[in-house]
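Here's the structure we're looking at; comments come further down.
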Amino acid sequence: MMLLEIAVAAPIDQTLTYRLPVKISANPDGDGTISLIGRRVLVPLGGRKVTGYVLAEDVVASGEFKIRDIAEVLDVKPVFPCSLIALFRWISNYYHYPIGEVIRAALPAGMSPRSVRCLELVDSAREDERFLSLPDEKWRITLQEKGSLSAAATKELLASKVWKKTIQQFIKLGVLRLCESVTSDGVKEKMEVCYRLQHWLPQPSVDLPDESEIFQHYRRQLDAELGLELKLSEAKTLYYMKGLEEKSVDGTSPRKELLELYAGAAKGICDLKEKRLVTEQKKRVFRSPLGERLEFFPAPTELTDEQNVALAEIVPAIEQGGYTPFLLHGVTGSGKTEVYLQATAAALRQGKSVLVIVPEIALATQLEAHFVSRFGEQVVLLHSGLSASERFDQWSLAMSGEAKIVIGARSAIFAPLNDLGLIVVDEEHDAGLKQDDSLRYNGRDLAVVRAKQQGIVVLLASATPSVVSYHNALCGKYRLLTMDNRVGNRSLPKVTLIDLRKQQSSGKRSLFRPQLRKALEENFIAGRQSVILINRRGFSSNVLCQECGTPVQCRDCHVTLTLHRSTQQLLCHYCGYSVHEKTVCESCGSMQLVPVGFGTERVETELQEMLPLARVARLDTDTAKDRKAFLQTLKLMRGGEIDILVGTQMVAKGHHFPGVTLVGVVWADGGLAIPDYRAAEKTFQLITQVTGRAGRGDSPGEVYIQTMRPEHYAISLARTHSYRHLVEKELELRKNPAFPPFVRLVAIHIQGESEQDVERSASRIAAACRAAVKEKKSFVEILGPAPSPIDRVKKNYRWQVMIKAASIEILDALCSYVRQNQQELVSGRCKVMLDKDPENMM
DNA sequence: AGCACGCCGACT
DNA sequence: GTCGGCGTGCTC
């Protein structure tokens, strides 16, 4: 009797114990030694069946509960390697999320079936008068016509007050019945019918000039050897099969291809099967996600000195094995990709596999081209943009070891690679690495945890590392690698600041000051490309001093206040501090405080008016919704078919646009006004990243930055590319009031349809936390409750409580406390979500 | 999450 | 006096 530790796909914190009954064989193929760990099972839970993930075998039951039998073993081999189990447990514990849900989120969608109930009309009761006399409701007609209802329809019906009772009566009468069935996965391995020749056909001894001679040869041969009389169609089929077999790896001919060559094969195959000359088998096929040919990138003939220095540290670490975290700070254009490629090659030489995490699909596609150019077929792409079946295929390739390199967005951190030797995280500072719904994990942090657990090298890289990561490097937690120079000794672009506060003298007010306008015109005439960045973050309602450009800040929190017109208040979304909207500027005393913000399209329109002949394209959240269109725009830009690309942060990310020589930023300080303690850090990163788009080709780049606050350190330091000064300044500022890396944060989000319930719940949670930490000696602070910066989403009101603590233990204790007492703390139907290390403060 | 068990209002 | 509402609490 074997007991198993199983994580069920339900919100239960603990793992459960189930028995593997003797009648269920774990290994239907007869091999009794293969473990169940990492495989999926179907288990009874309460009154239904759900997917369970086997985490351990031969466990000891505590005897506290009755142990039920597994209903079914769903896989013949593991779907995730056992090395990931420790990561799943860590995540469950760290992010306070049920372990089964963690695994469900980690696996490709559609791999966690559950049982559903369908209402059926009992056949013998088809003519039941009581049933037939029911009103002509849709469900009754469907039942009569099809005999059964879909799971969704059944659920809806049983939830309705009007019909529940009637249905139950008919079930009692034996007219209707509820049938339990397991939802089909949706994602299945795609199988293909293949044929295999059972009799070896010798090549014709002499070169036979035409096909009909070959057919005759086959017929004579088989007649002589086996006494079989072949029809012409059979001989022809054999001939084409032989051709296909020679091309295939495993000596089989796919039915589809065979029929394309020779339609008569449909009949021929049937006859050949009867004669036992051909057998049929089903084979896995893999659907290629590569829509089109990838660009080829040749390997460089030599590396830069800095690349060599970095690799001289990374490669030995990979060869020796053991947990070694690196932070690679390499300016834009310094050739970080080549470092990833060389490091990957080193890991592959050790027989290890490699995981590459990027913040965004578009970047994955770009990196993929580099990796495929160097390593060919061993590379797979794993990201949410793939269809469920494509994702499943890529997953299987990684699991089976056929793919050695996985490139993907944050969820690829769960890639089922065995023998991992290296994890690379590109653009490690990017907020896109943080998942901001349901399980709120940070892909970069998980990369470090996975590397630590598996004792391998992790390489975090960025032109603008996050302040927290850089601080870790300064403290010695990470090994710091620096690349300060661009490949080919190209200089970083010259950055010019344009002060927006200086009044425009003449005529119509434009979003572009003369200097930028002139540069754009000249660049267009010279046939070169430009990029214009609009900092979308500046579009929320902030109040800015017209005289000095300073936004109104919170007294305690070092974040910008948000304008609430309805209440005429300026409100802090961290702690709830508020002032009347008519206030004075703290830095200059001016009363000239005005709300800011302008429309995105206006930038595009104005550019088009300015340069009617220019091909202008826009890249923002609106236009990026369609992934294909988004990638198409990037491709057009890369191919030089767009003159000016306008966009939000998206245009700034590590895209390689070789023809861009001019970059303009419409309003650089817009992002400084967002209510986020990292506003300055993010603004600096954005400007630096977009600046890096200029002058990557042969011509040196120019950058024009329009700003209300040229003297603000985030902007002035970006002008001089002074990353290290920015870090120093930020670290100084974050000591008081304390923010990461000096404290840890958790945001507790409360949302629900009733504003009152949400507010009351938030207050109770905050009060309970305050009471719980009264005695604590080490630093802990509870901020709020306060409405979330975006305080109403889809009919839901949102509030938040923020907890700052010096020790992670206190933070975790509070999280557990809130979760355990949720029932008492939360009123009505409010949802509570814990966000550890929050990235997006909105 | 589902689903069962369990305690208070509108009906026969 | 019953039926049935949906509030708490468990699921190996």
Side-chain angles (χ1 to χ4, degrees), chain A residues 1-21 24 36-37 39-74 89 92 95-105 107 109-119 151-172 178-183 437-439 751-754 757 760-761 764 819-834:
Chain A
M1 181 183 78
M2 170 139 81
L3 295 185
L4 303 165
E5 184 193 11
I6 285 170
V8 291
I12 298 170
D13 286 329
Q14 308 82 8
T15 54
L16 305 179
T17 310
Y18 284 88
R19 181 189 298 112
L20 179 69
I24 295 180
L36 274 168
I37 294 172
R39 285 150 82 176
R40 296 170 304 149
V41 291
L42 199 64
V43 292
L45 180 72
R48 71 218 135 103
K49 292 193 182 89
V50 296
T51 304
Y53 313 96
V54 183
L55 301 190
E57 290 173 316
D58 299 312
V59 294
V60 182
S62 72
E64 300 283 307
F65 37 75
K66 64 176 201 295
I67 294 174
R68 296 172 82 181
D69 283 351
I70 279 170
E72 203 181 324
V73 176
L74 294 172
R89 291 193 206 269
S92 173
Y95 290 111
H96 300 270
Y97 208 76
I99 180 138
E101 302 277 300
V102 169
I103 301 176
R104 189 159 67 126
L107 297 183
M111 280 185 71
S112 305
R114 56 176 62 226
S115 70
V116 290
R117 292 187 304 181
C118 292
L119 199 60
T154 306
K155 202 172 161 185
E156 195 191 325
L157 201 58
L158 287 174
S160 82
K161 291 171 192 174
V162 204
W163 297 112
K164 193 180 172 186
K165 206 178 123 192
T166 322
I167 301 290
Q168 280 170 348
Q169 276 172 354
F170 277 106
I171 291 173
K172 266 186 199 159
L178 276 174
C179 254
E180 194 186 59
S181 65
V182 175
T183 45
D437 53 276
S438 54
L439 173 56
Q751 57 168 281
E753 284 190 26
S754 151
D757 282 347
R760 272 221 308 267
S761 307
R764 270 209 292 267
R819 263 163 59 83
Q820 262 150 41
N821 299 288
Q822 230 186 87
Q823 214 85 59
E824 297 92 86
L825 293 172
V826 174
S827 28
R829 277 179 292 279
C830 292
K831 227 177 160 180
V832 177
M833 286 161 296
L834 297 177

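Each chain gets a letter, A, B and so on, in the order its sequence line appears, and its residues count up from 1.
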Output yes when a side-chain donor or acceptor of Ser92(A) lies under 3.5 Å from a complementary backbone atom of Pro98(A), and no otherwise.
-> no

Side-chain heavy-atom pair Tyr18(A), Val8(A) within 4.5 angstrom cut-off = yes

Between dC12(C) (P) and Leu45(A) (CG): distance, integer Å | 5 Å

Check every strand shown and say whether Ile12(A) touches a base, only sugar-phosphate, or nothing at a heavy-atom separation below 4.0 Å.
-> base

Output yes when a side-chain donor or acceptor of Arg40(A) lies under 3.5 Å from a complementary backbone atom of Met111(A), and no otherwise.
-> yes

Can you tell me how far P of dA1(B) sits from CE of Met833(A), to the nearest Å?
-> 11 Å

With a non-hydrogen cut-off below 4.0 angstrom, is Tyr18(A) in contact with a base, only sugar-phosphate, or nothing?
-> sugar-phosphate

Atom NZ of Lys49(A) and atom C1' of dT11(C) are separated, to the nearest Å, by 15 Å

What is the distance, rounded to the nearest whole Å, between atom CD of Gln14(A) and atom C1' of dA1(B)?
-> 15 Å

Would you classify Arg48(A) as touching base, sugar-phosphate or nothing, given that sugar-phosphate means primed atoms plus P, OP1 and OP2, and contacts are heavy atoms under 4.0 Å?
-> base

Taking only side-chain nitrogens and oxygens of Arg19(A), does any of them come within less than 4.0 Å of OP1 or OP2 of dC12(C)?
-> no

Over how many whole Å does the gap from Asp13(A) atom CG to dG9(C) atom C1' extend?
-> 14 Å

Taking the side chain from Glu57(A) and the backbone from Met2(A), do they hold a donor-acceptor pair closer than 3.5 Å?
-> no

How long is the line joining CD of Glu5(A) and C1' of dC12(C), in whole Å?
-> 11 Å

Between dA1(B) (P) and Arg819(A) (CZ): distance, integer Å | 11 Å

The nucleotide from dG9(C), dG2(B), dC12(C) with an atom nearest the side chain of Leu16(A) is dC12(C)

Round to the nearest Å and state the distance from Glu101(A) atom CD to dT11(C) atom P.
-> 18 Å

When you get a sec, tell me which of dT11(C), dA1(B), dG9(C) is the closest nucleotide to the side chain of Arg68(A)?
-> dT11(C)

If you take all heavy atoms of Tyr53(A) and Gly100(A), which pair is closest and at what distance?
-> CE1-O, 3.6 Å

